[in-house]
Amino acid sequence: MAKNKQKGKKQKNVFQVAHKHVKNKNKAKPVTTTLKHINVVKKEKVENLNEIFTHVQRDVRSISKSVAPKPKTHTQVVKEAPLEPVNVDNAAQLFSQL
């Protein structure tokens, strides 16, 4: 009934691959343990840097307190009055020409 049935044994391939390597299945690698180790190391580095920065911040505060800035003296600039009186009518006329 089935016309596609093969009779007898299959023929072997005429061309065979030389040096055929069989790949072994790789086992699952422990990812979580290395991630935990990385997180611990990272956390230690962050804590160390935080300590260093707090020491630097304290040093900067102490230095800035000991070297207080001198109070600024404000010098008053005296503006001299214009020698000629301002002519408002002439200025208005010049603006109207624009």
Enquirer: Rounded to the nearest 0.5 Å, what's the gap from CD1 on Ile38 to NZ on Lys43? Could you check?
Expert: 15.5 Å
Enquirer: What is the distance from atom CD1 of Ile52 to atom CD of Gln57, rounded to the nearest 0.5 Å?
Expert: 14.0 Å
Enquirer: Starting at CG of Asn87, measure out to CG of Leu94 and round the result to the nearest 0.5 Å.
Expert: 9.0 Å
Enquirer: Could you state the interatomic distance from CD1 (Ile63) to CZ (Arg61), rounded to the nearest 0.5 Å?
Expert: 13.0 Å
Enquirer: Can you tell me how far the CZ atom of Phe53 sits from the CG atom of Asn48, to the nearest 0.5 Å?
Expert: 10.0 Å
